Amino acid sequence: MATTSKPAPLKKFILFIRATPTTEDPASLSTPSPETQRLLSDMMHFNQQLIDAGVLLDADGFLPSRVSSARISGFSPSSAPEDLIVTKGPFDHATLVSGYCVIKAKDLEEAIDWARKIPFRTEESVVEVREANTLADFGDNVTEEVKQGEGELRKKFEEGIGE
């Protein structure tokens with residue numbers, strides 16, 4: 001009798017789309033522009049390709065940092081929430097992400113193949129591909145309590161509780 005092996009589970013990757021001077025310009029949101037209209041259309045087409053392939057888990061873009069953003073720093077084992085430093089935007093575009101896609105892929109190469117299809121084509125455009133970790137990546141550091149808690153949280157999340 002032949003045995004069939006299950007395909008390896010797909011991994012989760014996040015495609016971070018770095019900000020550019022254009023994505024950080026609030027006028028690019030509301031001022032009619034053929035370039036912006038074309039980019040929105042191209043992104044919708046790209047997202048549809050991801051959906052049709054069954055790999056898209058989530059995707060979104062961010063407002064320019066001068067519109068609504070903050071950075072919180074000063075974290076340490078002894079820092080209290082009120083001791084943390086809050087800095088409001090705007091921030092230098094080179095340090096920002098303007099959007100993301102969360103996809104399923106068999107490996108980094110497949111995720112890179114998808115990232116190459118993102119329709120940003122300016123000289124400043126950069127897409128960073130990162131694999132999300134799982135509890136298994138932490139090996140023996142994961143206690144039974146953590147495994148159980150993570151399972152309960154995942155179940156609540158999948159059921160939509162907490163929205």
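Values in this document were obtained by computation on a predicted structure and should not be read as measured data. All values below were derived from every heavy atom in this structure, side-chain atoms included, with hydrogens, water molecules and symmetry-related copies excluded.
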**Q** Flag the pair E152 and R154 as a salt bridge only when some basic side-chain nitrogen lies within less than 4.0 angstrom of an acidic carboxylate oxygen.
**A** no
**Q** Applying ring-ring contact (aromatic ring centres under 6.0 Å, His included), can you list everything that pairs with F62, at least two apart in sequence or on another chain?
**A**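 With neighbours one apart ignored, the set is Y100.
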**Q** Using every non-hydrogen atom in the two residues, find where V129 and A111 come nearest and quote the distance to one decimal.
**A** CG1-CB, 3.7 Å
**Q** Using a 3.5 Å distance criterion without hydrogens, assess whether the side chain of D137 forms a donor-acceptor pair with backbone atoms of T134.
**A** yes
**Q** Taking salt bridge (Lys or Arg N to Asp or Glu O under 4.0 Å) as the test, write out the residues that go with E131, two or more places apart.
**A**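 Counting only residues at least two positions away or on another chain, E131 forms no salt bridge (Lys or Arg N to Asp or Glu O under 4.0 Å).
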**Q** Is the Lys NZ or Arg CZ of R71 less than 6.0 Å from the centre of F91's six-membered ring, within 45° of the axis?
**A**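 Because its charged atom sits under 6.0 Å from the ring centre and within 45° of the axis, R71 does stack over F91.
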**Q** So does A27 get a backbone contact from the side chain of T31, meaning a donor-acceptor N/O pair under 3.5 Å?
**A**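 Yes, because the side chain of T31 sits within donor-acceptor range (under 3.5 Å) of the backbone of A27.
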**Q** When you look at D58 and C101, which way does the side chain to side chain contact (heavy atoms under 4.5 Å, CB included) test go after all the steps?
**A** CA-CA 6 Å; D58 192 18; C101 293; over 6 Å; no
**Q** For R66, is there an ion pair with E24 - N to carboxylate O distance below 4.0 angstrom?
**A** no
**Q** Determine whether a donor-acceptor pair (N or O, by modelled atom type, separation under 3.5 Å) exists between the side chain of D92 and the backbone of T95.
**A** no
**Q** Carefully, step by step, assess F13 and K11 under the rule side chain to side chain contact (heavy atoms under 4.5 Å, CB included).
**A** CA-CA 7 Å; F13 290 87; K11 300 173 182 182; 3.7 Å; yes
**Q** Which pair of non-hydrogen atoms, one from S65 and one from P90, has the smallest distance, and what is that distance?
**A** OG-CA, 3.4 Å
**Q** When you look at CD of E35, are more than 12 heavy atoms from neighbouring residues, nucleotides or ligands closer to it than 6.0 Å?
**A**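 No - once you tally the heavy atoms of other residues, nucleotides and ligands closer than 6.0 Å, there are 12 at most.
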**Q** Looking only at heavy atoms, what is the nearest atom pair of L39 and P119, with distance?
**A** CD1-O, 3.7 Å
**Q** Give the other cluster members for I85, using side-chain heavy-atom distances under 4.5 Å between Ile, Leu, Val, Met, Phe, Trp and Tyr residues; answer none if it is isolated.
**A** none
**Q** Check whether Q48 reaches the backbone of M44 with its side chain - one donor and one acceptor, N or O, closer than 3.5 Å.
**A**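 No: the side chain of Q48 does not pair with the backbone of M44.
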**Q** Is it true that L10 and I14 fall in one hydrophobic cluster, defined by side-chain heavy atoms closer than 4.5 Å?
**A** no
**Q** Strictly distance-based, threshold 3.5 Å: is any side-chain N or O of T20 a donor or acceptor partner for the main-chain N or O of E124?
**A**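 No, T20 side chain to E124 backbone: no donor-acceptor pair under 3.5 Å.
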